[in-house]
Amino acid sequence: MTKISIKTGKPLKQKTACLVLPVYEGQLKSGLLTELDTLLQGRLKRIFRSREFNGKAGQMLLLHSTDKISCERLLLVGLGSKKQADISGLRGLGSQIAGYLCERHILRCLIDTSPLQLRKGGGVPAIAALTEGVLLAGYQFDAYREQDKDSVTSLQAATLLIGTTGDKAATESATRDAAAVCRGICLARDLVNQPGNRKSPLFLAETAQKIAKEHNLRCSLLPRKELEQQGFGALLGVAQGSVRDPYLIVLEYHGGTNDERPVALVGKGVVFDAGGISLKPADKMDEMKMDMAGGAAVLGAIQAVAELKLPVNLVAVVPAVENLPSGTAYRPGDILTSLSGKTIEVLNTDAEGRLILADALSWVGQYNPRVVIDLATLTGACIVALGHHASAILGNHEGLIRELIKAGERCGDRLWQLPLWDEYDAQIKGDFADIKNTGGRAAGTITAAAFLKQFSSDYTWAHLDIAGTAWADKSAPGIPKGGTGVGVRLLVEYLRGAC
Ligand code: BES
Ligand code: MN
Ligand code: ZN
């Protein structure tokens, strides 16, 4: 990871391989640029006049400096209009700067952050967002790459220059926190990007153990035998098609007082979803290795929360299984008895996520949680409804939903609420059992949540369908193709506000 440090001082006095100067659109006559123009003997003025650069968002202009200036190079980057600056934009800017410099083998830089401001929040969160962008730009999943292994993908060091009036201590702590969140995001991405042949439920369980060891968390794993004894009938139904054993993975973090009720996070952990006997089409089935992205998000989040030492009690639960067709697989028409005692008629073995979540949601009730938030790549219908720019949120408590939506807006992992009216329950009423696991073509994301609602009535609960946001089809600055780590930043942001 790129080394980030904070420094106070004047930009043009700094020794660096590259001095990065962010410029708002049209604001080409600042004191700094005028001073610089003089040192460059009018070169900047000529560039601005020719409209080669005017500060539009995303514009980059690299110049070699002269012996009058102590930096070797200068990079002007466009910030766009001052009014539109938001957290995602600044994060993208950080990624763009890091990507641009890396491509040119310029591996150290100094960024003048003094012009950066968020409309809400001011300078420090703006710098934190830029830092996140720089750090995430260096992310690459190259565990299995044998060729071009040595290509450089991340900056060695970025120094963030704050004006002489800037608060160095607050900025340092904010960038340290940003790095912890990025490590959580990268952990989630790594897990999602792992191929199915390497990623058994046991692999996820062992990863959780490793996180626990490194960050002083409590980890317990419920193996098949235990799940059988306790009656996880829905989860075991899904698991029976694969030779790989299922696990219920549990991590606990105690940052709050002893008597404080915990927040519970539940993440879908289907390490590969072939659909089971209701087999999926071949096209893009490879992407179904991402069907544990909810589980990855809660693991990434609890790691980040532990690093940040947030004053909260937290429990993360990941039901981990594989959904495959085989001679031992569960079939359409099967009736499963869930941990709650409710019976479920399986109409489609590809609606497996709600089955494993049903048991995990029942089980987590024993913690008497203050709130329960589940994250799952649950329905293709969610992609139809919202595409790739927002996750769906539904639940049984408007207050919790509002808080999560607000946290999403603050941090950029955006959520959009869908209704969860009782009228939808009719679609999943069972013919031969209490409920069935699909509700027909209409409102697929909602009926999936209506199914989960049957198992989470004892507590305040929200469900996030991240089917459209957990996987990037193509690369963008800071988000290479593959797992996005969605949910980690959101959960941390929510928990920061909740404690
Ligand atoms: N994991 C899938 C949902 C999914 C689809 C996630 C595409 C990401 C991208 C889930 O298990 C599933 O197969 N859902 C079915 C439910 C249906 C059978 C009721 C779906 O959405 O088609
Ligand atoms: Mn499925
Ligand atoms: Zn699935």
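We count ligands from 1, going down the list as the structure has it; atoms in each ligand are counted the same way.
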A.B. asks: Checking contacts now, so for atom 22 (O) of ligand 1, which I'm interested in, is there any protein heavy atom under 4.0 Å?
C.D. replies: no

A.B. asks: Going by the closest heavy atom to atom 14 (N) of ligand 1, which one wins out of Val384, Leu355, Thr349, Leu378?
C.D. replies: Leu378

A.B. asks: How far is atom 2 (C) of ligand 1 from its nearest protein heavy atom, and which residue and atom is that?
C.D. replies: Asp273 OD2, 3.6 Å

A.B. asks: Looking only at protein heavy atoms, identify the closest one to atom 9 (C) of ligand 1 and say how far it is in Å.
C.D. replies: Met288 CE, 3.4 Å

A.B. asks: For Asp273, what is the atom name of its N, O or S atom nearest to the Mn ion (ligand 2)?
C.D. replies: OD2

A.B. asks: I need the nearest protein heavy-atom contact for atom 20 (C) of ligand 1: residue, atom name and distance, please.
C.D. replies: Gly380 N, 3.9 Å

A.B. asks: Can you name the atoms of ligand 1, numbered from 1 with element, that are less than 4.0 Å from a heavy atom of Glu352?
C.D. replies: 11 (O)

A.B. asks: Evaluate salt bridge (Lys or Arg N to Asp or Glu O under 4.0 Å) for Arg489 paired with Asp413, printing each intermediate quantity in order.
C.D. replies: CA-CA 7 Å; Arg489 186 186 281 136; Asp413 273 358; 3.6 Å; yes

A.B. asks: Do any of the N, O or S atoms of Ala351 sit under 2.8 Å from the Zn ion (ligand 3)?
C.D. replies: no

A.B. asks: Rounded to the nearest 10 degrees, what's the angle OE2 of Glu352 makes with OD2 of Asp291 at the Zn ion (ligand 3)? Could you check?
C.D. replies: 100°

A.B. asks: To which protein heavy atom is atom 18 (C) of ligand 1 closest, and what is the distance rounded to 0.1 Å?
C.D. replies: Asn348 ND2, 3.4 Å

A.B. asks: Should you measure from each heavy atom of Ile383, which atoms of ligand 1 turn up under 4.0 Å away?
C.D. replies: 7 (C), 9 (C)

A.B. asks: Please tell me whether Glu226 and Tyr247 have a donor and an acceptor in their side chains that are separated by less than 3.5 angstrom.
C.D. replies: no

A.B. asks: If the contact criterion is a heavy-atom separation under 4.0 Å, does Arg354 count as touching ligand 1?
C.D. replies: yes

A.B. asks: Which residue from Val238, Asp291, Val270 reaches closest to atom 1 (N) of ligand 1 through any of its heavy atoms?
C.D. replies: Asp291

A.B. asks: For the Zn ion (ligand 3), which N, O or S atom of Asp273 is at the shortest distance?
C.D. replies: OD2

A.B. asks: Quick one: does Asp273's side chain have a donor or acceptor within less than 3.5 Å of a partner on Met288's backbone?
C.D. replies: no

A.B. asks: Could you confirm whether Glu352 has any N/O/S atom lying under 2.8 Å from the Mn ion (ligand 2)?
C.D. replies: yes

A.B. asks: Under 4.0 Å from a heavy atom of Ala467: which atoms of ligand 1 are those, numbered in the order shown and with their elements?
C.D. replies: 6 (C), 8 (C)

A.B. asks: Look at the rings of Tyr367 and Trp363 and say which category their plane angle falls in: under 30° parallel, 30 to 60° tilted, over 60° perpendicular.
C.D. replies: perpendicular

A.B. asks: Just to verify, which of Leu375, Leu452, Leu357 counts as forming a side chain to side chain contact (heavy atoms under 4.5 Å, CB included) with Val266?
C.D. replies: Leu357

A.B. asks: Answer yes or no: is there an ion pair linking Arg496 with Glu493, defined by an N-O contact shorter than 4.0 Å?
C.D. replies: yes

A.B. asks: Which of these, Val318, Asp374, Ile356, sits in a side chain to side chain contact (heavy atoms under 4.5 Å, CB included) with Lys268?
C.D. replies: Ile356

A.B. asks: Can you tell me if Lys268 contacts ligand 1 (heavy atom of the residue under 4.0 Å from the ligand)?
C.D. replies: yes

A.B. asks: Using modelled atom types only, decide if a donor and an acceptor are shared between the side chain of Asp465 and the backbone of Thr379 within a distance under 3.5 Å.
C.D. replies: yes

A.B. asks: Would you say the Zn ion (ligand 3) has Asp350 as a near neighbour, meaning an N/O/S atom of that residue under 2.8 Å away?
C.D. replies: no

A.B. asks: Please determine if Lys199 and Asp291 form a salt bridge, counting it only when a charged side-chain N lies under 4.0 Å from a carboxylate O.
C.D. replies: no

A.B. asks: Select one of side chain, backbone, both or neither to describe which atoms of Glu287 lie under 4.0 Å from any atom of ligand 1, heavy atoms only.
C.D. replies: neither

A.B. asks: With heavy atoms of Met290 as the reference, note each atom of ligand 1 found under 4.0 Å away.
C.D. replies: 8 (C)

A.B. asks: Can you establish whether the number of heavy atoms outside Asn216 located under 6.0 Å from its atom CG is more than 12?
C.D. replies: no

A.B. asks: To which of Asp350, Asp465, Thr438, Thr379 does the heavy atom nearest atom 13 (O) of ligand 1 belong?
C.D. replies: Asp350

A.B. asks: Quick check: closest heavy atoms across Ile87 and Leu118, and the distance to 0.1 Å?
C.D. replies: N-CD2, 3.6 Å

A.B. asks: Is the side chain of Gln96 donor-acceptor paired with the backbone N or O of Met60 at a distance under 3.5 Å, no angle test?
C.D. replies: no

A.B. asks: Atom NZ of residue position Lys342 - does it have more than 12 heavy atoms of other residues, nucleotides or ligands inside 6.0 Å?
C.D. replies: yes

